[in-house]
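Within every chain, numbering begins at 1; the chains are lettered A, B, ... in the order of the sequence lines, protein sequences first and strands thereafter. What you are looking at is a predicted structure, and each value in this text was computed from that prediction instead of being measured.
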Protein chains: 2
Amino acid sequence: MAQSLARADRRTNADDVFDYLHGEIVSLRLLPGTRISEIEVAGQFDVSRQPVREAFIRLANLDLLLVRPQKATVVRQFSSEKIKRARFIRMAVECEVLRRACRSASPLHDERLRKDLEEQQAAMKARDVERFHALDYDFHEHLCDAGDCALMFGTIAENKAAVDRICVLSLSEPATMEELHEDHALIAEALGRRDEGELIGAIKAHLSRLDDVIAGIRKSHADFFED
Amino acid sequence: MAQSLARADRRTNADDVFDYLHGEIVSLRLLPGTRISEIEVAGQFDVSRQPVREAFIRLANLDLLLVRPQKATVVRQFSSEKIKRARFIRMAVECEVLRRACRSASPLHDERLRKDLEEQQAAMKARDVERFHALDYDFHEHLCDAGDCALMFGTIAENKAAVDRICVLSLSEPATMEELHEDHALIAEALGRRDEGELIGAIKAHLSRLDDVIAGIRKSHADFFED
DNA sequence: CGGGCCACGCTACCATACCAGATTGCGCAG
DNA sequence: CTGCGCAATCTGGTATGGTAGCGTGGCCCG
């Protein structure tokens with residue numbers, strides 16, 4: 001699930017169509033349930049149906065499109081199960097990473113996290129949500145570094161992103177930057193003391209913040225869900 | 001990553017080609033590095049190149065094929081990183097499932113696991129490897145049930161399968177049924193006592209059995225790996 | 001005899017045309 | 001007015017032909 005964008009070698013028309021549609025869908029500019037036709041998209045890009053078709057196939061494999069032969073192709077709805085699975089994996093993996101971090105982290109890692117917190121505070125004061133969001137990912141990446149599990153950050157980011165994108169639908173502000181920063185501070189602090197119990201509690205609390213948000217979206221946008 | 005085989009609606013030629021190639025690749029009848037051409041496969045199935053192309057795209061999305069525009073398509077090699085990630089996810093998820101099982105399991109679940117162990121013993125005595133293999137999956141599924149995490153079994157099975165398939169390359173017998181059965185017994189026993197510490201130790205030991213096997217394959221079949 | 005260049009053949013990519021199933025809406029009959 | 005049925009039209013699936021990039025082998029030149 002890696003070579004989605006920017007395939008190693010050459011860049012094809014199909015890649016362009018794929019990237020465009022992928023962006024539209026994950027950003028929710030194309031909403032679940034929207035009908036979408038090969039011919040239509042082919043017209044927009046001034047290419048034949050074939051590359052479009054290829055892009056559709058790839059998107060279908062990512063569960064972003066649902067193509068029904070002889071009927072139509074629609075933007076796929078959310079799946080509560082899929083969301084639950086993504087959150088479970090993220091939680092389980094990050095917990096294990098942190099358990100390891102308690103044993104493998106060095107003062108350099110602690111220092112790195114401390115700097116991250118400062119930067120987060122700066123973005124917070126500047127009300128720069130975009131920046132804070134990026135720093136959020138950085139922080140969790142550095143947690144992986146501390147746990148000597150750099151290669152697991154991809155997994156964490158993937159599942160985090162899948163959940164984050166749904167939360168933009170939330171009516172209420174998901175969680176304030178202040179709350180998230182506070183969570184992060186607790187995590188860094190517990191890790192600094194190498195206190196595994198506290199650390200696991202802190203990360204689970206952090207990841208549980210979205211419980212209510214997601215439940216709310218599930219209700220307020222029931223028509224976007226397939227189950 | 002679900003609708004691979006048996007897509008909901010209609011069955012197309014592309015589906016046939018996909019299923020066939022998928023089977024050949026995961027069973028290692030088609031070895032990593034093997035060159036494979038649209039025209040060639042199209043000839044075998046007596047269909048045009050287009051459906052074959054579709055199947056290729058889908059297999060490429062599963063990282064089973066590597067299609068290089070204007071060059072050639074080859075069966076993709078293994079990735080040590082991917083294997084590590086799969087094993088980490090499996091370990092992290094199953095540990096979390098078992099931690100929950102310590103709190104949520106009922107005597108019925110314990111009973112179910114006890115029966116599983118008996119069946120495993122039967123298959124063991126009959127030297128029925130095939131059967132034992134299936135029972136292995138059942139056992140882990142019932143662990144998920146005990147942890148009230150039925151929906152996570154798919155994730156565990158997926159990652160377990162990805163690793164198992166590579167292990168058939170092992171020169172030495174991966175692990176005897178006796179060893180695995182013993183592991184399972186320890187897990188069920190620790191769970192029966194709701195002893196979280198012992199339980200986690202048991203499952204980690206169980207999952208670590210493949211460490212040496214995989215390291216061996218990495219060396220003996222270095223040409224099958226891309227990194 | 002050896003090295004570089006070129007052309008041929010291979011690949012996957014793309015466009016066009018046609019096919020079959022499914023839907024929809026119009027018209028006709030009751 | 002209503003309900004049934006057929007046909008036009010839309011969908012994605014398939015076939016085929018042509019194109020462009022890349023590898024390779026042969027040929028020519030040094």
Side-chain angles (χ1 to χ4, degrees), chain A residues 3-22 24-25 30-77, chain B residues 3-22 24-25 30-77:
Chain A
Q3 51 22 308
S4 310
L5 326 179
R7 299 205 303 181
D9 272 321
R10 185 157 218 80
R11 181 151 190 87
T12 71
N13 288 352
D15 291 330
D16 292 337
V17 177
F18 174 85
D19 286 350
Y20 171 74
L21 289 177
H22 185 272
E24 294 295 298
I25 295 174
L30 274 176
L31 292 175
T34 307
R35 252 181 86 144
I36 183 174
S37 125
E38 291 181 356
I39 294 180
E40 179 189 338
V41 178
Q44 291 175 16
F45 279 81
D46 195 40
V47 298
S48 85
R49 276 179 48 213
Q50 225 52 38
V52 176
R53 192 171 161 63
E54 181 172 327
F56 276 26
I57 294 168
R58 285 157 63 183
L59 290 165
N61 282 353
L62 295 178
D63 281 347
L64 293 178
L65 282 185
L66 184 61
V67 24
R68 295 169 300 176
Q70 268 75 37
K71 278 191 254 184
T73 299
V74 299
V75 178
R76 186 143 190 186
Q77 296 174 306
Chain B
Q3 51 21 311
S4 309
L5 324 181
R7 299 203 304 180
D9 272 320
R10 184 158 215 78
R11 181 152 191 87
T12 70
N13 289 351
D15 291 329
D16 292 336
V17 177
F18 174 84
D19 286 350
Y20 171 74
L21 289 177
H22 186 272
E24 293 294 299
I25 294 174
L30 273 176
L31 293 176
T34 307
R35 260 181 79 144
I36 181 174
S37 127
E38 289 181 359
I39 298 178
E40 177 190 339
V41 178
Q44 290 175 17
F45 279 80
D46 197 37
V47 298
S48 83
R49 293 177 346 247
Q50 215 55 38
V52 176
R53 186 172 163 64
E54 278 200 29
F56 278 24
I57 294 167
R58 285 156 64 183
L59 290 165
N61 284 354
L62 296 178
D63 281 348
L64 293 177
L65 243 49
L66 183 62
V67 25
R68 296 169 299 177
Q70 267 74 37
K71 278 192 250 181
T73 299
V74 299
V75 178
R76 186 143 188 185
Q77 297 174 306

Checklist entry - Where the side chain of A/Lys71 is concerned, which of C/dA12, C/dA15, C/dA22 is the nearest nucleotide? => result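 Selected nucleotide (nearest to the side chain): C/dA22.
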Item to check | Closest nucleotide among D/dT14, D/dG12, D/dG23 to the A/Phe56 side chain | outcome: D/dG12
Item to check | For A/Pro32 against A/Gln77, the heavy-atom pair lying closest together | outcome: CB-CA, 3.7 Å
Item to check | Heavy-atom pair of closest approach, residues B/Pro51 and B/Ala14 | outcome: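 Taking B/Pro51 first and B/Ala14 second, the nearest heavy atoms are O-CB, 3.7 Å.
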Measure the spacing between [atom1] of [X] and [atom2] of [Y] and express it to the nearest 0.5 Å.
{"X": "B/Asp16", "Y": "B/Phe45", "atom1": "CG", "atom2": "CZ", "value": "7.0 Å"}
{"X": "A/Ile57", "Y": "A/Leu62", "atom1": "CD1", "atom2": "CG", "value": "12.0 Å"}
{"X": "B/Leu59", "Y": "B/Leu65", "atom1": "CG", "atom2": "CG", "value": "5.5 Å"}
{"X": "B/Ile25", "Y": "B/Ile36", "atom1": "CD1", "atom2": "CD1", "value": "6.0 Å"}

Next on the checklist: Taking any heavy-atom pair under 4.0 Å as a contact, classify B/Ile36: base, sugar-phosphate, or nothing.
Outcome noted: sugar-phosphate
Length of the line joining [X]:[atom1] and [N]:[atom2], which is rounded to integer Å:
{"X": "B/Ile57", "N": "C/dT11", "atom1": "CD1", "atom2": "P", "result": "17 Å"}
{"X": "A/Glu54", "N": "C/dA15", "atom1": "CD", "atom2": "C1'", "result": "14 Å"}
{"X": "A/Arg11", "N": "C/dC13", "atom1": "CZ", "atom2": "C1'", "result": "15 Å"}
{"X": "A/Arg68", "N": "C/dA22", "atom1": "CZ", "atom2": "C1'", "result": "11 Å"}
{"X": "A/Gln70", "N": "C/dG21", "atom1": "CD", "atom2": "P", "result": "7 Å"}
{"X": "A/Leu66", "N": "D/dT11", "atom1": "CG", "atom2": "P", "result": "16 Å"}

Checklist entry - Thinking salt bridges, do B/Arg58 and B/Asp19 make one under a 4.0 Å N-O criterion? => result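 The answer is no: the pair does not qualify as a salt bridge.
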Next on the checklist: Can you tell me if B/Thr73 touches the phosphate of C/dA12, counting only side-chain N or O atoms and a distance under 4.0 Å to OP1 or OP2?
Outcome noted: yes
Next on the checklist: Please determine whether a side-chain nitrogen or oxygen atom of A/Arg53 lies at a distance below 4.0 Å from atom OP1 or OP2 of D/dG12.
Outcome noted: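 Result: no.
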Checklist entry - In residues 37-50 of chain B, what residues come within less than 4.0 Å of DNA chain D, judged by heavy atoms? => result B/Val47, B/Ser48, B/Arg49, B/Gln50
